[in-house]
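Scroll down for the structure; my scribbles are underneath it.
Every heavy atom of this structure was used, including side-chain atoms; hydrogens, water molecules and symmetry mates were not. All ligand and atom numbering here is 1-based and tracks the order in the structure.
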Amino acid sequence: MAKNSSRAIGRHMLHIPGPTPVPDRILRAMDTPIIDHRGPEFAKLAKKCLEGIKTIFKTSNPVIIYTATGTGAWEAALSNTLSPGDRVVMVETGQFGTLWKNMAEKLGLKAEFIPTDWRHGADPAAVEAKLKEDRNKEIKAICVLHNETSTGCLSPIAEIRKAIDKAGHPALLFVDTISSLASADYRHDEWGVDVTVGGSQKGLMLPPGMSFNALSDKALKANKTSKLPKSFFGWEEMLNMNKVGFFPYTPATQMLHGMVAAIDMLHEEGLDNVFARHNRLAEATRRAVNHWGLETVCKDPKYYSPTLTAVLLPEGHDADAFRAMALEQFNISFGSSFGKLSGRYFRIGHLGDINDGAMIAALGVTEMALQLANVPIKKGGVQAAMDYLVAQHGSAAKQAAE
Ligand SMILES: *Cc1c(COP(=O)(O)O)cnc(C)c1O
């Protein structure tokens, strides 16, 4: 049917875990004439963004806005606080944890892993044990992904903070929230994180190309003595210029217009409602997967990701061929697989501006594609997801009526 057709019909169903669909309201906010990035109108816009983004990270300290992808903000976190040869520890939750470690090595740091099987989040007890072993307190930073996007595992950041404190260790805590910010509960100040790395193109519903560092006082202090080279990513120049509403160089002005709209939309919905929606859609997705008789990559419910679900196909089924077929037949994109399980699973993104109807459509298409690929499943996963959503809306409606 879709075969031999040169046009994909309807809106593309973008169900990868980022970039996520950009809402029309944000696209329209960005569709505005370019303004002078050293003029008074710009300063007002920048100050709105710099203040607004703090409410998303839940911090009273400055948040740095980079014209760079999330990877740039990773580099900024390391290069602004550390010195050549410093020891850093990464929790190897999956592909992104691995990439961050590779970057640390390229920057001249001594990076080591706390390993996992890529099917669990970061274990606070393992962090505590690692730090207790370090009697000379040589480890300068612990790096954790709040949400490991390659596997769909969420890590308990507040508990990891407690583990560091229990070990009595002075290491800085760096957290990547690129695929969880504005979609899973996150509290930079309350959880005692030193640098939080964020990106524009996932929960924030913006296009790719902008990223963030949220800072602690301790991180700002480390910045004063850190010796890794930093120029474009240097905090000091940024912070000085930001005070008066400017940047050291030309920022992505259209992205900032979009960011004002994105922050407004998140607060209009209410951050707690945003988190509840992501949890609800994630649970609906898992109910469908479970009904189909398939397994999620994330093995332990306590680490289930609210923003994506990675689904294993049975032995003998090629997940990459499955994704290609689903794209061709149904105009839907799923996320790819990594590492030891490469080719074995696909990822369903459920983050950003997604409502129940869009989720059910995506699960319906997934169920059809699984059938078409002759994956042995029990039909009716979508019904299981719908039953769950109906029950959730039912209790919400009842509460509203009381
Ligand atoms: C997407 C993502 C990145 C990479 O971000 P880019 O914007 O592609 O540089 C890093 N970490 C996590 C957890 C991600 O989800």
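- Ionic pairing of D320 and R323 is present here: one or more N-O contacts between side-chain nitrogen and carboxylate oxygen are shorter than 4.0 angstrom.
- Residues W191 and Y186 bring their aromatic ring centres within 6.0 Å.
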When the side chains of residues 95-109 are checked against the rest of the protein, which donor-acceptor pairs come out under 3.5 Å, sequence neighbours left out?
unit_1: T98; atom_1: OG1; unit_2: G94; atom_2: O; d: 2.8
unit_1: K101; atom_1: NZ; unit_2: E105; atom_2: OE2; d: 3.1

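- Sorted by first and then second residue, the side chain to side chain donor-acceptor pair (under 3.5 Å) pairs involving residues 357-382 (not counting sequence neighbours) are W292-E367.
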Could you list the donor-acceptor pairs under 3.5 angstrom formed between side-chain atoms of residues 233-250 and any protein atom two or more places apart in sequence or on another chain?
unit_1: W235; atom_1: NE1; unit_2: Y66; atom_2: OH; d: 3.3
unit_1: W235; atom_1: NE1; unit_2: N213; atom_2: OD1; d: 3.0
unit_1: N240; atom_1: OD1; unit_2: K243; atom_2: NZ; d: 3.4
unit_1: N240; atom_1: ND2; unit_2: E236; atom_2: O; d: 3.4
unit_1: N242; atom_1: ND2; unit_2: M238; atom_2: O; d: 3.3
unit_1: N242; atom_1: ND2; unit_2: F246; atom_2: O; d: 2.9
unit_1: Y249; atom_1: OH; unit_2: F232; atom_2: O; d: 2.5

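- In plain terms, the two heavy atoms of K218 and D194 that are nearest each other are CB-OD1, 3.5 Å.
- Within 4.0 Å of ligand 1, counting heavy atoms only, the contacting residues are T69, G70, T71, W74, F96, L145, N147, T149, D176, I178, S179, Q201, K202.
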